[in-house]
Amino acid sequence: VQLQASGGGLVQAGGSLRLSCAASGRYVRTLTNNGVGWFRQAPGKEREFVSGISWNGGSTYYTDSVKGRFTISRDNTKNTVYLQMNSLKPEDTAVYYCAACRSSAMCGGNSQNYRYWGQGTQVTVSS
């Protein structure tokens with residue numbers, strides 16, 4: 001496993017979760033120096049790009065369905081990128097993956113732009 005995604009769980013609609021994406025060893029430099037993206041994949045659906053952040057946090061992106069509810073951030077001193085998810089909805093239920101870009105900028109929804117991936121963490125939102 002190159003990156004470690006954690007923080008998922010079962011929460012009621014309207015609740016909150018904070019996902020973390022951490023790196024260790026030889027992957028630390030890529031995570032801290034490059035853009036990072038969060039993706040999600042629900043059962044029977046294609047993987048969806050949710051949010052992205054540049055290496056220094058100066059640029060961020062959110063897909064329309066999570067704008068105003070999710071916040072991406074990073075603490076490079078802790079080699080960690082976060083996805084704070086508030087006002088969760090049942091349609092947010094999915095496995096969430098983090099990935100490190102091949103460059104310092106955000107790199108969008110094309111998986112080919114990402115160098116390393118996390119193993120995924122399950123988020124389940126009950127109605």
Please, which pairs that meet disulfide bond (SG atoms under 2.5 Å apart) have at least one residue in residues 3-99, sequence neighbours excluded? Cys21-Cys98
By side chain to side chain contact (heavy atoms under 4.5 Å, CB included), Cys107 pairs with (sequence neighbours left out) Cys101, Asn113, Tyr114
Please list, chain by chain and in numerical order, all residues satisfying side chain to side chain donor-acceptor pair (under 3.5 Å) with Arg74, sequence neighbours excluded. Asn76
Going by salt bridge (charged side-chain N to carboxylate O under 4.0 Å, His left out), name the residues that satisfy it together with Lys45, two or more places apart in sequence or in a different chain. none
Sub-3.5 Å donor-acceptor pair from the side chain of Thr63 to the main-chain atoms of Val50, do we have one? no
Trace of the side chain to side chain contact (heavy atoms under 4.5 Å, CB included) decision for Ser111 with Arg47: CA-CA 10 Å; Ser111 61; Arg47 184 166 54 193; 3.4 Å; yes
Here the salt bridge (charged side-chain N to carboxylate O under 4.0 Å, His left out) pairs for residues 101-121, sequence neighbours left out, are none
Asp64 meets the side chain to side chain donor-acceptor pair (under 3.5 Å) criterion, sequence neighbours left out, with Lys67
How long is the straight-line distance from OG1 of Thr32 back to NZ of Lys78, given to the nearest 0.5 Å? 15.0 Å
Mind checking the OG-CE spacing from Ser54 to Met106? Nearest 0.5 Å is all I need. 6.0 Å
Could you pull out the closest heavy-atom pair between Leu3 and Ala23, with the gap in Å? CD2-CB, 3.7 Å
Could I get the full list of side chain to side chain contact (heavy atoms under 4.5 Å, CB included) partners for Ala105, not counting sequence neighbours? Ser103
So OG of Ser73 and CD1 of Ile53: to nearest 0.5 Å the spacing works out to 6.0 Å
Are the side chains of Thr93 and Val123 in contact, using a 4.5 Å heavy-atom criterion? no
Least distance between heavy atoms, Val11 atom then Leu17 atom: CG1-CD1, 4.0 Å
Thr71 side chain reached by Leu83 side chain, heavy atoms, under 4.5 Å: no
Side chains of Gln122 and Thr124: is there a donor and an acceptor less than 3.5 Å apart? yes
How close do Trp38 and Ser20 get, counting heavy atoms only, and between which atoms? CH2-O, 3.6 Å
side-chain hydrogen bond (donor to acceptor under 3.5 Å, both in side chains): which pairs involve residues 6-18, sequence neighbours left out? Ser16-Asn86
Nearest atoms (heavy-atom pairs only) where Thr30 meets Ala100: CG2-CB, 3.9 Å
When rounded to the nearest 0.5 angstrom, what distance separates CG in Asn33 from OG in Ser104? 8.5 Å
Using the ring pair (Phe, Tyr, Trp, His ring centres under 6.0 Å) rule, collect all pairs that involve residues 51-101, keeping only residues at least two apart or in two chains. Phe49-Tyr61
Minimum heavy-atom separation for Ala94 and Ala42, please, with both atom names. CB-N, 3.8 Å
Identify, with sequence neighbours excluded, every residue that meets side chain to side chain donor-acceptor pair (under 3.5 Å) alongside Arg69. Asp92
Residues which pass side chain to side chain donor-acceptor pair (under 3.5 Å) with Gln41, listed by chain and number, not counting sequence neighbours: none
Who passes salt bridge (charged side-chain N to carboxylate O under 4.0 Å, His left out) against Glu48, sequence neighbours left out? Arg40
Heavy-atom closest pair, residues Gly120 and Val95: CA-CG1, 3.8 Å
If I take atom OG from residue Ser65 and atom NZ from residue Lys89, how far apart are they, to the nearest 0.5 angstrom? 8.0 Å
